[in-house]
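Next up is a structure, given as structure tokens.
All of these numbers come straight from a predicted model, not from anything done at the bench. Naming: A, B, ... by sequence-line order, numbering from 1 per chain. Just so it is clear, the values below take in all heavy atoms, side chains as well, and ignore hydrogens, waters and symmetry mates.
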Amino acid sequence: MSNQRISIKGTSSGLIINIGSGVWQGLIEELDDKLADKASFFKGGRVALRVGPRQLTRPQIESVGQILKRHNVTLWAVEGEAPGTQEAAAQLGLETQLAPAKPQNLTPDAPQTGNALLIRRTLRSGQVVHHPGHIVIVGDVNPGAEVKAGGSVVVWGRLRGSVFAGADAGIGEKAVICALQLSPMQLRIADKIARSPADDDSQEPGAEMASIQNGQIVAEPWNG
Amino acid sequence: MSATVITITSGKGGVGKTTTTANLSAALAAQGKKVVAIDADIGLRNLDVVMGLENRIVYDLVDVVEGTCRLRQAMIKDKRLQDLYLIPAAQSRDKTSVTPGDMIELTNQMRDEFDYILIDSPAGIEQGFKNAVAPADRVLVVTTPEVSAVRDADRIIGLIEAEEKGPGDLVVNRLRMDMVRRGDMLDTSDVIDILAINLIGVVPDDENIIVSTNQGRPVVMSNGSTAGQAFRNIASRLNGQNVPFIELKEESSFIKKISNFFRA
Ligand SMILES: Nc1ncnc2c1ncn2[C@@H]1O[C@H](COP(=O)(O)OP(=O)(O)OP(=O)(O)O)[C@@H](O)[C@H]1O
Ligand SMILES: [Mg+2]
């Protein structure tokens, strides 16, 4: 039973390491051993981690990344059910799902909403979140923070950093960016870019939504 | 006794971490606490200079970690205040000679004996920062009211949160009310607006700091300076007292305010 806690599978998305239940430290050591056993098999490859409901912190993901690196393997994705795990992985610039949403499956007027990433804290300077679906942030996006979503971005707070929505070609210009206070450093929807005006005094109070209208990014009061 | 380990850090360099560490250590010791200050800025040590203990260094932090000396041998006792000690940084080593694990172990060895262990962190987000933050129970983030310093403070707070050391408490240093009034400097409220963490103190820009640094005598050791009072207030707040923030005014009226304060 104990050697079932970690299993490694080849799938259509590449190599996947499944991490089951058990004490984290023990699992990590087991993983290290397994990799050592099959060094030549893994070498130079890239793997995804599948962790199920387990809640992983950023330092924990980093430590797995380091172990893999020691064995010459690159970690490219962490798939987990816990929002905290997804958030930590996204912050490290890792993918959070193994098969990215396929653009051709989306109907243009109803972008896929099944894979939104919920982040329940403030993104601070230097923090980067990338996600192929939509991103909802309950908190602020501070100056120097960066958000990039395949779909739309909703900020339940103040948006003062940079946001790129509609990075997924299948959603593109249909994406919107909403915030309770919209005073971004830079907004990007698909290939359109808007910078905040140099003097910020003309700040509209209240929630706003930015979208593309007639080929330009326009911000309007957000009335739901 | 079980010490509280407090790390003093910042994103941007030169904003006043070492000044803050020296003054809070001295102020806490003056309030009857047993305090040790650790200089974790390896290679660029200067907490010893600011505390006026430079000429008594024999061993340093790296010597302790590498087992060249016993912990006790590297602890310099301040002669002006009872129960104030310093563990200096190494002058000529690089930061990788100490690991986060070393810092945790070192502070654990001292926890029983002290009320407070204060750690002066190097600037930046590299290994030195990780070493300094690893053993922390509390983190103080120092910033000046400048956009670039606040931006870097925000970044550091993000890293502190990622290390699961809480968002930390904020010290705004070198505030100049005359400049705030003219609209040439961010006010404390602007800084809080961005960082959204607990404010534990506001220290005015005060030339007494420069004089005291040159003399190796933290300002809290003398009466009459505005910065000294601000640091004493932070120390009291660390001790769990509820000290109201002094209302910072322009230079002249501010001094009047302080003297009223002493009379009261
Ligand atoms: N409140 C203040 N008023 C006037 N000068 C100050 C004040 N605080 C700090 N300074 C001065 O600013 C300079 C930098 O301070 P300090 O060495 O404490 O910063 P630091 O953050 O430790 O720097 P480093 O990142 O290099 O370690 C020193 O010359 C100090 O005397
Ligand atoms: Mg310093």
Side-chain angles (χ1 to χ4, degrees), chain A residues 24-25 55-66 78 84-94 119-129 137-147 155-162 179-181 183-186 196 198-201 203 205, chain B residues 9-13 15 96 99-101 103-104 123-127 129-136 139 141-170 183-184 186-187 189-198:
Chain A
W24 178 248
Q25 191 54 39
Q55 168 89 46
L56 285 191
T57 63
R58 203 163 117 174
Q60 282 175 325
I61 296 175
E62 273 175 331
S63 71
V64 177
Q66 266 155 20
V78 176
T85 306
Q86 293 177 7
E87 207 178 304
Q91 269 179 32
L92 289 166
L94 298 170
I119 294 177
R120 283 195 299 185
R121 50 180 190 78
T122 289
L123 293 181
R124 296 186 179 275
S125 175
Q127 296 184 331
V128 177
V129 172
I137 294 158
V138 181
D140 296 344
V141 177
N142 280 0
E146 192 187 300
V147 177
V155 180
W156 190 261
R158 295 171 295 187
L159 197 182
R160 297 184 280 201
S162 298
L180 295 186
Q181 184 194 311
S183 27
M185 204 123 277
Q186 192 188 98
S196 70
D199 88 280
D200 209 16
D201 292 347
Q203 172 61 44
Chain B
T9 190
S10 71
K12 193 171 187 284
V15 297
T96 52
T99 66
M103 292 299 288
I104 292 171
I125 57 178
E126 309 295 330
Q127 164 99 29
F129 161 78
K130 291 197 171 139
N131 287 343
V133 166
V139 182
V141 178
V142 183
T143 185
T144 53
E146 291 166 276
V147 172
S148 63
V150 172
R151 186 69 56 81
D152 291 351
D154 194 41
R155 188 165 188 151
I156 271 301
I157 294 166
L159 295 176
I160 295 164
E161 286 170 339
E163 301 279 334
E164 302 188 341
K165 299 285 183 183
D169 297 291
L170 184 70
D184 291 336
L186 298 177
D187 198 358
S189 60
D190 302 321
V191 179
I192 298 290
D193 184 54
I194 295 277
L195 300 179
I197 67 172
N198 179 52

Taking all heavy atoms of A:P143 and all of B:D154, pick out the closest pair and write down the distance.
->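 What the structure gives for the nearest pair is O-OD2, 4.2 Å.
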Taking the side chain as every heavy atom from C-beta outward, state whether B:L159 and A:R58 have any pair of such atoms under 4.5 Å apart.
->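 In short, these two side chains touch, coming nearer than 4.5 Å.
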Of all of A:P59, A:A88, A:G126, which one pairs up most often with chain B through heavy atoms under 4.5 Å apart?
->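 Answer, by heavy-atom pair count under 4.5 Å with chain B: A:G126.
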What distance separates A:D140 CG from B:L195 CG, expressed to the nearest 0.5 Å?
->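 Taking CG in A:D140 and CG in B:L195, the distance rounds to 11.0 Å.
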B:S10: partners by side chain to side chain donor-acceptor pair (under 3.5 Å), with sequence neighbours left out =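 Applying side chain to side chain donor-acceptor pair (under 3.5 Å) to B:S10 gives B:K17.
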Got a second to check how far B:I157's CD1 is from A:Q127's CD, nearest 0.5 Å?
->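 Between B:I157 CD1 and A:Q127 CD, I get 10.5 Å after rounding to 0.5 Å.
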Any idea which of B:A162, B:A196, B:G11, B:P167 has the most non-hydrogen atom pairs under 4.5 angstrom with chain A?
->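 Most pairs with chain A among the choices: B:A162.
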Considering only NZ, NE, NH1 and NH2 on the basic side and carboxylate oxygens on the acidic side, decide whether B:D193 and A:R160 come within less than 4.0 Å.
->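 Result for this pair is yes, salt bridge flagged.
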With B:D190, which residues qualify under salt bridge (Lys or Arg N to Asp or Glu O under 4.0 Å), at least two apart?
->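 Partners of B:D190 by the salt bridge (Lys or Arg N to Asp or Glu O under 4.0 Å) criterion come out as none, since no residue qualifies.
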Distance from A:T122 atom OG1 to B:I197 atom CD1, nearest 0.5 Å?
->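 Rounded to the nearest 0.5 Å, the OG1-CD1 separation comes to 11.5 Å.
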